[in-house]
Amino acid sequence: MSDRHEHSHPHHHRHSLRHRLSHLFTPHSHETADKVDSALESSARGMRALWVSLAVLGVTALAQAFVVAVSGSVALLGDTVHNTADALTAVPLGIAFVLGRRAATRRFTYGYGRAEDLAGLVIVLTIAASAAFAGWTAIDRLLDPRPVQHVPAVAVAALVGCAGNEWVARYRIRVGRAIGSAALVADGLHARTDGFTSLAVLLGAGGSALGWQLADPIVGLAITAAIALVLRDAAREVFRRVMDAVDPALVDRAERALTEVPGVRGVGELRLRWIGHRLRAEVAVVVDGTVTVREAHRIAVDAEHALLHAVPRLTAALVHADPAPVPGEADPHLALAHHTVA
């Protein structure tokens, strides 16, 4: 939406008397204080999920590291490094959630929710580093094969890693979907993949038990490939979020909700964007050009209300009312045409 929509109608964010009365007699609210409370609660849940999963993965990685030290398994080493990296991704995400609680300022007028995108970039770099380290270690062991000691302990450590990662994956994904945090959901899927790589370590342990020394580094390379796949998916998700991509189904849902609002004759430009784990919308709706300013404002407020109900995790909508065109009348936006970027 062009800047005229942001500057011409800031009053669309204030609620009319009718809007206030409707909320007085209904058990829900979209008032600013309630949105802030909801945002704080979602951030608190995200923080809790991060620290609990950090503790679980930390214990898992320590147990695996001890077995790596006594066994020399590079497959288990690769899995341990990946689990450690996965645990440490809680740190940038935690910082992002804390920043996201801060109120908007005159410099950061949309708030600090974009810190989650920066945390996503850190997570991608962390995954890339763990892939490089695991691959380098596996190749080194292929060139210089050594027997794996304490194979039963390696197998047990692999099972511990699988169980710990699957529990963390379920927890992160559940909380991430509940609060609308794509970063937390992606981190949960990352943990689930780690669980599968832990199971792959069992194959290496089995091969070592049968006397095949190359089984361990080969499985280490397979784990590196699995990490690379996770890296690809994580990078794609972060790229989409940085580029303001949203699910097209959300746009369709918003358009359907707007067309059902009495007084809305059509839907013009509609934009949705994620800011952290919350959505914002900007839209132009077409109304009868003969209605009063107050009536156009009422329609815009009703449209905002409809969007808040129809689109999950939408916390703000800026609605601009355009008059329906009249034959022979010049487009009122022509004066702005030379400001349009080609």
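Position 1 is the first residue of the sequence; numbering continues from there.
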Main-chain N/O of [Y] paired to [X] side chain as donor or acceptor, under 3.5 Å:
X	Y	result
E116	A96	no
T109	R106	no
R253	A310	yes
R241	G276	yes

Less than 4.5 Å apart, side chain to side chain, heavy atoms only: is that true for [X] and [Y]?
X	Y	result
W136	T224	no
R236	D233	yes
F108	R114	no
P312	L250	yes
L279	V246	yes
V124	L231	yes
D117	V238	no
R48	F97	no

Subject >> Lys/Arg-Asp/Glu bridge criterion (N-O < 4.0 Å) met for E260, R256 >> reply: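 Here E260 does not pair with R256 in a salt bridge, since their nearest N and O are not under 4.0 Å apart.
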Could you state the interatomic distance from [atom1] ([X]) to [atom2] ([Y]), rounded to the nearest 0.5 Å?
X	Y	atom1	atom2	result
L307	D302	CG	CG	11.0 Å
E282	E269	CD	CD	8.5 Å
E304	I299	CD	CD1	14.5 Å
H305	R298	NE2	CZ	13.0 Å
I95	L118	CD1	CG	11.0 Å
L221	I139	CG	CD1	6.0 Å

Considering non-hydrogen atoms only, spot the tightest contact between [X] and [Y] and give its length.
X	Y	answer
R265	V287	CD-C, 4.4 Å
L50	G94	CD1-N, 3.4 Å
G111	A104	N-CB, 3.7 Å
A303	L258	CB-CD2, 3.7 Å
A284	D322	CB-OD2, 3.7 Å
A254	L270	CB-CD2, 3.9 Å

Original post:
Is a side-chain donor-acceptor pair under 3.5 Å present for S53 with R172?
Top reply: yes
What about [X] and [Y], same hydrophobic cluster or not, with Ile/Leu/Val/Met/Phe/Trp/Tyr joined at side-chain heavy-atom distances under 4.5 Å?
X	Y	answer
V175	V91	no
V52	L54	yes
V98	Y112	no
V160	L57	no
I218	L143	yes

Original post:
Is it the case that R273 places NZ or CZ above or below the six-membered ring of Y110, under 6.0 angstrom from the centre and within 45 degrees of the axis?
Top reply: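 Judged by the rule (NZ or CZ under 6.0 Å from the ring centre, within 45° of its axis), R273 counts as positioned above Y110.
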